[in-house]
Every structure is written in C-alpha cells, then in structure tokens.
Number of protein chains: 2
Amino acid sequence: MAGSGRGPRERMVFSAAQLIRRHGVDATGMRDVAAHAGAPRGSLQHYFPGGKDQLVGEALQWAGRYAAARVARFLGDMDRPTPSGLFAAMVRQWTDEYETQGFAAGCPVAAATVDCAESSETTRRAAADAFAAWTRPVAEALVGMGVPAERSGPLATLMISSLEGAILMARAERDVRALTTVARELGPLLDAAVPGA
Amino acid sequence: MAGSGRGPRERMVFSAAQLIRRHGVDATGMRDVAAHAGAPRGSLQHYFPGGKDQLVGEALQWAGRYAAARVARFLGDMDRPTPSGLFAAMVRQWTDEYETQGFAAGCPVAAATVDCAESSETTRRAAADAFAAWTRPVAEALVGMGVPAERSGPLATLMISSLEGAILMARAERDVRALTTVARELGPLLDAAVPGA
DNA sequence: GCCGGGCTATGACGGCCGTCATAGTAGCCC
DNA sequence: GGGCTACTATGACGGCCGTCATAGCCCGGC
C-alpha cells in the first residue's frame with residue numbers, strides 16, 4: 001500500500017486511514033494515529049485544527065484518490081483491457097492482501113459510512129465523495145473499453161457495490177471465497193456490455 | 001421491522017440491533033440499549049452476564065434469523081418466483097425504508113464486521129454466522145426456482161455482496177441510486193441462471 | 001542578538017464507557 | 001412466616017476519549 005508520505009502531516013493522514021481500515025472510526029483514537037505515524041501528539045491540533053472530523057475527512061479523501069490511482073494503474077498494466085479484467089484486478093488486490101497479510105483491514109470508506117453516516121454529516125459527505133472519486137475512473141475506463149456511456153455508470157456502481165460487500169463477507173468469514181465468487185460471477189456480465197466483442 | 005419481542009430480554013436484543021444499525025457497535029452503549037428498550041439498566045448484567053460481546057452476538061443472531069425470515073416471506077408473496085424477482089424484493093425492502101424513514105440505518109452485520117472483525121473474535125464469528133444464515137435460504141430459494149445447485153451458492157453470495165455494498169453507498173450518498181442500480185443490472189444475470197426459461 | 005512563528009510537549013478537564021459491587025424488591029413454594 | 005430465586009436499582013471504579021491551555025523549543029530573517 002502506497003508508502004507513507006514524507007511529511008508528518010501526510011503520515012498522520014495515511015496512518016488514520018490504516019487504523020480506520022482496521023478498527024473503524026470510533027475505535028481509532030487521535031493518540032493512536034499520532035503514535036502509528038511516529039508523529040508528536042502536539043502536532044495533531046496544529047495540522048488538524050478541525051479536530052477528528054478533519055483528520056477522518058482527509059483520510060477518506062486520501063482513500064478515494066488512492067483507489068482512483070489504483071484503477072489507472074490496473075489499466076496501464078493490461079495490454080488488452082476488458083471490463084472483467086479490470087474487475088478481476090480490483091478484486092485481486094484484496095485477495096492478495098488477505099492471503100499475505102491476513103484479514104485485519106477492510107475499506108476505510110465503508111468503515112466511515114458505518115460509523116459516521118448518522119453522527120457526522122461532514123464525514124458522511126467525505127465518504128460519498130470518496131465513493132464518487134473511485135466510481136468515476138472505473139466508469140471512464142469502461143467507456144474506454146467500448147461500454148456504452150449510459151451503461152458505464154451503473155456497471156461501475158455494480159462493480160464497487162459487489163466488491164465492498166464481498167470485502168465485508170470475506171472479513172467476517174476470514175475467507176476470500178466471497179471475493180473470488182463475485183469476480184467469477186460478474187465477469188461475463190461485464191464483458192457482455194461491450195457490443196463489439 | 002419485526003415488532004420488539006414481548007419480554008425485556010428480547011426487547012434489549014432487538015434494541016441493540018437497531019442501535020448498531022444506526023451508530024455502529026462501538027458507538028452503541030449498553031446504557032443506550034437499556035434506555036431504548038425501556039428496560040432497567042440492572043437487567044443488562046442479569047440477562048447478559050457475558051457483557052457487551054454476548055449482547056452484540058445475540059443481536060447479530062437475531063439479524064440473521066430476521067433476514068432469513070424475510071427471504072421466506074418474499075418467496076411466499078410471489079406466485080411466480082424468479083431470481084430477479086427475489087433480488088428486487090430484497091432491494092426494495094431497503095429502498096422502501098430509506099424513502100420513508102430516511103437513511104439513518106444500515107445493516108447490523110456489516111456494522112459489526114467493520115467495528116469488531118479485528119477486535120473481537122466471537123463477534124466476528126457471529127457476523128459470519130449471520131451472513132451464512134442469510135445466504136443459505138437465498139441459495140435454497142434459487143434452487144427451488146430451477147437454478148443448478150452448483151451455481152446457487154455463488155449467486156446467493158453475489159446477491160448479498162451487491163446488496164450490502166449498495167446499502168453502504170446509498171447511506172453515504174443519501175440516495176437509493178446504488179440500490180436500484182444493482183437490482184436492475186443484476187436481474188438479467190440472475191434469471192439467466194435458470195436453464196428452462 | 002533577538003524576535004517571531006512553525007512546531008512540539010505535556011498535563012488537565014469533563015465526559016462517556018463497560019463492568020463490578022452491593023443492596024433492595026417482588027413473588028412463589030414449602 | 002421464612003427463605004429462595006428472579007429481577008431491579010444505583011453508585012463507584014478505572015480507563016480511554018477528544019479537546020483545550022500553556023509553555024517550550026528551534027531556526028530563519030533582520
């Protein structure tokens with residue numbers, strides 16, 4: 001996962017995202033974030049005067065940018081991109097992590113949605129923005145593969161929904177089964193959306 | 001949503017599930033549960049000597065049973081059941097709630113997975129059991145509609161994954177768009193799995 | 001040389017948490 | 001009536017939380 005930035009501020013945002021991924025927003029303390037980032041506790045209120053809301057918001061923003069960058073990278077790695085290939089790559093990122101690092105972490109955006117959708121309007125919006133920042137490049141990639149524009153958005157939403165749900169099930173079961181299943185079952189449907197082939 | 005049971009114990013389990021649905025596990029306090037259930041605080045340690053873990057576990061068990069019962073009910077309401085019809089009914093339960101009651105609540109099993117998968121092994125197992133209790137009747141229903149046995153399990157997993165992910169996105173966006181999208185896009189794929197029609 | 005601002009350090013505060021300890025009440029059976 | 005069990009009531013404890021207040025460090029600019 002993308003190296004921690006160089007400055008202490010970037011490191012804290014990155015650490016916040018990692019801890020939220022593992023324990024959720026509520027169980028992630030500001031002191032934990034500073035410790036995980038190797039940053040002084042006093043820097044928290046210096047860099048994030050908006051408090052925890054601001055820190056969580058920036059962590060989600062980082063997560064959205066990261067997901068978008070991964071999509072671009074997956075596309076660059078494929079010489080003959082297909083919708084099913086892209087989805088398989090997105091899923092494989094998670095199965096790889098789970099098989100090598102264990103099932104400790106999930107998606108930070110999902111965690112923030114669960115913990116904060118009802119308690120913090122700003123965090124809820126940040127989660128929605130992160131989903132959008134992730135969905136958009138997926139939809140654009142589908143268009144680039146020949147999927148009609150009016151179907152690219154819905155299919156991108158379907159891909160991300162299935163992936164998010166499968167991440168939840170995989171973590172609960174400590175088994176990548178759900179992830180590999182959605183990749184296999186959804187592949188043909190995705191490829192069938194490009195009219196040419 | 002299923003009426004609160006008659007005894008104070010059932011009411012507390014039910015209330016725990018409702019509060020977890022809204023705020024997550026960590027943000028749901030034992031005192032809140034008792035208050036929401038109209039039950040005396042002292043009853044908590046009487047009925048749930050295992051503490052919060054036990055209460056959360058029973059709430060997840062309740063959620064799993066509830067989801068399974070809903071699947072059975074959806075089947076009973078359809079005179080000519082189809083896979084897409086079942087999935088549409090499962091999705092509609094959520095769109096109906098969101099349109100009439102607002103986007104306050106999500107799935108308690110998802111919330112428990114996000115908050116506790118890494119911190120409480122017993123709760124993680126309870127979440128996995130709840131997913132299983134939900135998936136099984138869906139798969140059995142698919143078999144009853146003519147879906148080959150070897151595909152019913154994977155398709156049930158796909159249905160629940162997509163639904164869970166769409167719930168997350170809908171709650172973040174405060175828009176049922178993701179839910180209606182997955183229902184529409186997945187319908188044809190599901191119906192195509194029954195060989196006869 | 002000193003001054004100002006970016007950054008760090010640390011303790012305190014009020015609040016909520018899950019859990020425990022202790023005591024009290026209500027009802028039923030002998 | 002006595003005792004036992006099921007349930008309720010309430011206060012305390014230790015711990016962690018986010019936030020604030022205050023002070024100190026460090027270094028470039030003048």
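Just so it is clear: chains get the letters A, B, ... in the order the sequence lines come, proteins before strands, and each one is counted from 1.
- Using a 4.0 Å cut-off on heavy atoms, the residues of residues 40-50 of chain B that approach DNA chain C are B/Arg41, B/Gln45, listed by number.
- A salt bridge does not link B/Asp129 with B/Arg125: none of the charged nitrogens is closer than 4.0 Å to a carboxylate oxygen.
- Within the nucleic acid shown, B/Asp53 has no heavy atom closer than 4.0 Å to any nucleic acid atom.
- Using bins of under 30°, 30° to 60° and over 60° for the plane-to-plane angle, the ring pair A/Tyr98/A/Trp94 lands in the tilted bin.
- B/Asp26 comes within 4.0 angstrom of nothing in the nucleic acid, heavy atoms only.
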Candidate pair B/Glu118 and A/Arg174, rule salt bridge (Lys or Arg N to Asp or Glu O under 4.0 Å), full reasoning: CA-CA 11 Å; B/Glu118 191 61 10; A/Arg174 288 200 175 273; 3.7 Å; yes
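- Following rounding to the nearest Å, B/Asp32 (CG) and C/dC16 (P) show an atom-to-atom distance of 10 Å.
- Taking atom CE of residue B/Met30 and atom C1' of nucleotide C/dC20, one finds them 12 Å apart after rounding to whole Å.
- For the pair B/His23 NE2 and C/dC16 P, the computed distance is 15 Å after rounding to whole Å.
- Side-chain contact of B/Gln54 with B/Glu58: a donor-acceptor pair under 3.5 Å is present, judged by distance alone.
- Both B/Met78 and B/Leu190 are members of a single hydrophobic cluster when ILVMFWY side chains are connected at heavy-atom separations under 4.5 Å.
- With rounding to whole Å, B/Lys52 atom NZ is found 14 Å from C/dC20 atom P.
- Here the straight-line distance linking atom CZ of A/Arg70 with atom CG of A/Asp77 works out to 8.5 Å at 0.5 Å rounding.
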